[in-house]
Amino acid sequence: MNFKFLSYLVKVFTILVIVYFGFSITSSFANDYTIISPTQDSAVSQNDWAPSVNWGTNDGVCDYAFNEDSFTSVDCSSGGSDIPLPPQTGSNTLQIRTYFEGVEMLDSKS
């Protein structure tokens, strides 16, 4: 086997590994965690506040914040139901943060 052919095989193998693991990592993160409710641009009254979060597979850290304020930890097993009402009336952005194998994962809804 000549050197050029071997070099070509190594490049092809490298590309295949990157594509395979790149897609598997992206797809596992893409749907693993999300804010289920409230939905984007939804009007929620105080009586209707019932947040729901799929924290997905995580390292045991589940945090939320409103309007880019500092994050506060909540119980991952509560599914977001322990996230309190936003501190202010009007338009708010709910942000969630969790970690998977040390990688920070974020989502937000306004």
Side-chain angles (χ1 to χ4, degrees):
M1 194 180 305
N2 70 30
F3 180 73
K4 277 188 167 184
F5 183 70
L6 184 59
S7 176
Y8 172 77
L9 284 178
V10 168
K11 287 179 184 177
V12 168
F13 178 74
T14 303
I15 290 170
L16 289 175
V17 167
I18 290 170
V19 168
Y20 174 77
F21 285 108
F23 282 127
S24 67
I25 289 171
T26 302
S27 63
S28 69
F29 287 163
N31 296 315
D32 203 18
Y33 69 98
T34 188
I35 298 171
I36 299 166
S37 68
T39 57
Q40 189 74 23
D41 297 324
S42 63
V44 179
S45 72
Q46 183 174 355
N47 294 334
D48 295 332
W49 180 251
S52 177
V53 175
N54 177 4
W55 295 108
T57 304
N58 61 67
D59 295 346
V61 176
C62 298
D63 302 326
Y64 78 92
F66 288 105
N67 307 317
E68 298 185 22
D69 200 1
S70 58
F71 283 95
T72 302
S73 294
V74 291
D75 182 2
C76 297
S77 65
S78 295
S81 64
D82 52 350
I83 298 174
L85 280 164
Q88 62 191 40
T89 59
S91 181
N92 290 281
T93 299
L94 171 62
Q95 300 163 285
I96 62 167
R97 175 178 69 183
T98 189
Y99 294 86
F100 177 72
E101 296 182 359
V103 177
E104 181 180 59
M105 313 304 289
L106 298 167
D107 190 19
S108 66
K109 297 277 173 74
S110 295

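Basis for what follows: all heavy atoms, side chains included, without hydrogens, waters or symmetry-related copies.
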Non-neighbouring partners of Thr93 that pass side chain to side chain donor-acceptor pair (under 3.5 Å), sequence neighbours left out | Ser110
What salt bridge (charged side-chain N to carboxylate O under 4.0 Å, His left out) pairs are there with at least one residue in residues 98-110, not counting sequence neighbours?
-> Arg97-Glu104
Separation between OH (Tyr64) and CD (Gln95), nearest 0.5 Å, reads 12.0 Å
Mind checking what makes side chain to side chain donor-acceptor pair (under 3.5 Å) contact with Ser73, not counting sequence neighbours?
-> Asp63
With no hydrogens and no angle check, is any side-chain donor or acceptor of Asn67 less than 3.5 Å from a backbone partner on Asp69?
-> no
Nearest heavy-atom contact between Ser37 and Ala50 is OG-O, 3.1 Å
What disulfide bond (SG atoms under 2.5 Å apart) pairs are there with at least one residue in residues 33-110, not counting sequence neighbours?
-> Cys62-Cys76
Contacts of Asp48 meeting side chain to side chain donor-acceptor pair (under 3.5 Å) (sequence neighbours excluded), chain-then-number -> Ser45
Minimum-distance pair of heavy atoms, taken over all atoms of Ile96 and Thr34 = CD1-C, 4.0 Å
If you take all heavy atoms of Phe66 and Pro87, which pair is closest and at what distance?
-> CD1-CD, 3.7 Å
In terms of hydrophobic clustering (I, L, V, M, F, W, Y; side-chain heavy atoms under 4.5 Å; direct or indirect links), are Val53 and Val103 co-clustered?
-> yes
With the 4.5 Å side-chain cut-off for hydrophobic clustering, are Leu106 and Val74 part of the same group?
-> no
Among all residues two or more places apart in sequence or in another chain, which pass the side-chain contact (heavy atoms from CB on, under 4.5 Å) test with Pro38?
-> Ile35, Ser42, Val44, Trp49, Pro51, Leu94
So which residues get pulled into Val61's cluster when ILVMFWY side chains under 4.5 Å apart are joined, directly or through others?
-> Tyr99
Closest approach of Asp75 and Trp55, non-hydrogen atoms and distance?
-> O-NE1, 4.4 Å
Those residues at least two apart in sequence (or on a different chain) that pass salt bridge (Lys or Arg N to Asp or Glu O under 4.0 Å) with Glu68 are none
With Asp82 via side chain to side chain donor-acceptor pair (under 3.5 Å) - residues at least two apart | none
